[in-house]
Amino acid sequence: MFKNIIAYRINPDWKKTTAQIEAGLSLTRFSKCGATQEKSIGWSEPRNEAHAVLAEVVNGHIILRLTSETKVLPANVVRRAAEERIEKLEDQMGRKLGRVEKRDIREEMRLDLLPRAFTRLAHTNVWIDRNSGLLLVDSGSPTRADEVVAMLLRCLDDIELTPVQTNTSPAVQMSAWLLAHEAPGRFDIEEECELKATDDSQAIVRYSKHSLNNAEVRKHIQNGKLPTRLALTWNGRVSFVLNDKWQVKRVRFLDGVFPESDPADTGAGDGENAADRFEADWTIATGELAQLMPELIEALGGAMEIAA
């Protein structure tokens, strides 16, 4: 459940129903890799229950899950197998193989080895918050977020997704907060940040478990270093790290938010208990983040208007 957030704005005129979303996602439902297929990607059931819905609705929020399976086949394994095959053929034929012949053998060996390769399975949660017009991807990787966006554009007609941008850049706003040692609203500054010089030196200063309310931090900023990362808490209930790329990382729900110290995986357990836990965990998580994200956008100067 959301450990990182990359946020997008949804075009206001996109009004697809849950049934229409479900129908669109079903066109690219996840299936495992075939014998010689290197990667498979598609939508899977957020509850981790076979043949369940792909678009779960929890307290008015829509939860999706993108799953990918990738064959892990190290290049050195393919190269070694190909070299052995090439050496054997050259002995049999009594001549050296040409460049094109060697290339074809390497490709043949790759295809031969793929069915025996290990696989890596990855899941990415996606949350559509219609009230705020936001789509949030649980990923710290822009590449993974781009995959999610590409799949959504492929499956859902008329949806337009734009990375969240604010009128004030995170780096500039975080600088102001550190200089005053005060964040707006229900946000509080914690004891971690990274400052980076904007000149050719690209010098970096990092603080961890260290008070940021001191003259040294302020002097670094006054001398031209900008924050690239700053730890914050919201309302005493959610901690996270904001970076200068408008990514929210290391999201953690603090003690007292969930019945236990950490929410269980949404697919854990069996039967009715698992269903109850899924509903409860997502209701709590979306309830908190649905307040935090609009407040964070406002704290950074409000959403930048998109030119028509």
Side-chain angles (χ1 to χ4, degrees), residues 1-12 59-63 124-142 144-145 148-149 161-196 207 212-213 217 221 226-258 263 282-306:
M1 186 176 301
F2 280 84
K3 296 180 180 178
N4 301 284
I5 296 173
I6 296 179
Y8 298 85
R9 294 171 66 187
I10 305 172
N11 50 310
N59 198 30
H61 299 284
I62 300 173
I63 309 300
T124 304
N125 290 319
V126 182
W127 163 31
I128 298 174
D129 182 0
R130 287 193 184 276
N131 290 332
S132 62
L134 294 175
L135 181 140
L136 294 95
V137 179
D138 179 13
S139 177
S141 164
R144 184 62 172 172
V148 170
V149 169
L161 298 169
T162 308
V164 166
Q165 297 293 329
T166 45
N167 289 313
T168 305
S169 74
V172 169
Q173 199 65 280
M174 290 188 291
S175 294
W177 299 345
L178 286 168
L179 286 171
H181 197 70
E182 183 178 7
R186 295 191 281 179
F187 294 98
D188 291 298
I189 296 172
E190 293 303 317
E191 297 184 333
E192 178 185 340
C193 81
E194 178 182 273
L195 304 168
K196 186 175 182 179
Y207 293 88
L212 303 181
N213 186 17
V217 170
I221 295 172
L226 288 176
T228 55
R229 192 170 69 224
L230 178 63
L232 299 162
T233 56
W234 172 81
N235 198 29
R237 296 174 68 80
V238 184
S239 69
F240 62 96
V241 174
L242 175 66
N243 72 16
D244 58 341
K245 303 292 192 300
W246 228 114
Q247 297 169 357
V248 178
K249 293 180 173 284
R250 286 167 37 197
V251 176
R252 186 167 68 91
F253 297 95
L254 302 180
D255 291 346
V257 175
F258 285 86
W282 277 107
T283 296
I284 294 170
T286 55
E288 299 293 331
L289 295 176
Q291 299 176 70
L292 186 159
M293 291 303 294
E295 289 186 27
L296 182 58
I297 291 171
E298 188 62 29
L300 293 169
M304 185 182 295
E305 290 301 320
I306 302 170

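We use all heavy atoms of the structure for the numbers below, so side chains are in, but hydrogens, waters and symmetry mates are not. Source: prediction; values computed, not measured.
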Task: Spatial distance of atom CD (Gln247) from atom CD1 (Ile6) [nearest 0.5 Å] - done: 4.5 Å
Open item on the list: Would the distance check show the side chain of Glu192 and the main-chain N or O of Tyr207 forming a donor-acceptor pair, the cut-off being under 3.5 Å?
Closed with: no
Task: Minimum heavy-atom distance Lys196-Thr228, with the two atoms named - done: CB-CG2, 3.8 Å
Task: Atom pair OG/CZ of Ser239 and Arg250 - distance to nearest 0.5 Å - done: 8.0 Å
Task: Pairwise side-chain contact, Ile221 with Leu226, heavy-atom cut-off 4.5 Å (strictly under) - done: no
Open item on the list: I'd like to know if the side chain of Ser141 reaches the main chain of Arg144, judged simply by a donor and an acceptor atom lying under 3.5 Å from each other, with no hydrogens or angles considered.
Closed with: yes
Open item on the list: Please give me the minimum heavy-atom distance between Ser139 and Ala145, naming the atom from each residue.
Closed with: OG-N, 4.4 Å
Open item on the list: With heavy-atom distances below 4.5 Å as the criterion, would you say the side chains of Phe253 and Glu288 are in contact?
Closed with: yes
Task: Nearest non-hydrogen partners of Gly301 and Asn167, listed with the distance - done: O-ND2, 2.9 Å
Task: Closest approach of Ala299 to Gln173 (non-hydrogen atoms, all atoms of both residues) - done: O-NE2, 3.2 Å
Open item on the list: Distance check, rounded to the nearest 0.5 Å: Leu212 atom CG versus Met174 atom CE?
Closed with: 11.5 Å
TODO: Taking all heavy atoms of Lys249 and all of Gly140, pick out the closest pair and write down the distance.
DONE: NZ-O, 3.0 Å
TODO: Walk me through it: do Thr124 and Val137 pass the test side-chain contact (heavy atoms from CB on, under 4.5 Å)?
DONE: CA-CA 7 Å; Thr124 304; Val137 179; 3.7 Å; yes
Open item on the list: Please evaluate residues Leu136 and Met293 with respect to the criterion side-chain contact (heavy atoms from CB on, under 4.5 Å), reporting the C-alpha separation (whole Å), side-chain torsions for both, the decisive distance (0.1 Å), and the verdict.
Closed with: CA-CA 10 Å; Leu136 294 95; Met293 291 303 294; 3.6 Å; yes
Task: Contact check, side chains of Asp129 and Leu135, non-hydrogen atoms, under 4.5 Å - done: no
Open item on the list: Could you walk me through whether Leu292 and Phe240 satisfy the side-chain contact (heavy atoms from CB on, under 4.5 Å) test, starting with their C-alpha distance in whole Å, then the side-chain angles of each, then the deciding distance to 0.1 Å, before giving a yes or no?
Closed with: CA-CA 11 Å; Leu292 186 159; Phe240 62 96; 4.0 Å; yes
- [ ] Could you check if a side-chain atom of Asp138 sits within less than 4.5 angstrom of a side-chain atom of Lys3, using non-hydrogen atoms only?
- [x] yes
Task: Minimum side-chain heavy-atom gap Leu179-Val217 below 4.5 Å - done: no
- [ ] Take Leu289 and Phe2 through the side-chain contact (heavy atoms from CB on, under 4.5 Å) test and state the conclusion after the steps.
- [x] CA-CA 9 Å; Leu289 295 176; Phe2 280 84; 4.1 Å; yes
TODO: Please tell me if the side chains of Trp246 and Ile297 come closer than 4.5 Å, counting only heavy atoms from C-beta onward.
DONE: yes
Task: Chi angles and distances behind the side-chain hydrogen bond (donor to acceptor under 3.5 Å, both in side chains) call for Arg9, Thr162 - done: CA-CA 5 Å; Arg9 294 171 66 187; Thr162 308; over 6 Å; no
Task: Distance (rounded to the nearest 0.5 Å) between Ile5 CD1 and Leu296 CG - done: 9.0 Å
TODO: Might you point out which heavy atoms bring Pro170 and Leu242 nearest each other, and give the distance in Å?
DONE: CB-CD2, 4.4 Å
Task: Interatomic distance, Arg229 atom CZ to Glu194 atom CD [nearest 0.5 angstrom] - done: 4.5 Å
Task: Validation row: Leu195, Pro227 side chains within 4.5 angstrom (heavy atoms) - done: yes
- [ ] Keeping the roles fixed (side chain from Asn243, backbone from Lys245), state whether a donor-acceptor pair exists under 3.5 Å.
- [x] yes
Task: Residues forming a side chain to side chain donor-acceptor pair (under 3.5 Å) with Thr286, sequence neighbours excluded - done: none
Open item on the list: Is the shortest side-chain heavy-atom distance between Arg252 and Val238 below 4.5 Å?
Closed with: no
TODO: State which residues pass salt bridge (charged side-chain N to carboxylate O under 4.0 Å, His left out) with Arg130; sequence neighbours excluded, sorted by chain then number.
DONE: none
Which donor-acceptor pairs under 3.5 Å do side chains of residues 182-190 form with protein atoms, sequence neighbours excluded?
residue: Arg186; atom: NE; partner: Glu295; partner atom: OE1; Å: 3.4
residue: Arg186; atom: NE; partner: Glu295; partner atom: OE2; Å: 3.4
residue: Arg186; atom: NH2; partner: Gln291; partner atom: OE1; Å: 3.3
residue: Arg186; atom: NH2; partner: Glu295; partner atom: OE2; Å: 2.5
residue: Glu190; atom: OE2; partner: Thr233; partner atom: OG1; Å: 3.1

Open item on the list: Could you check whether His61 and Trp127 have their ring centres less than 6.0 Å apart?
Closed with: yes
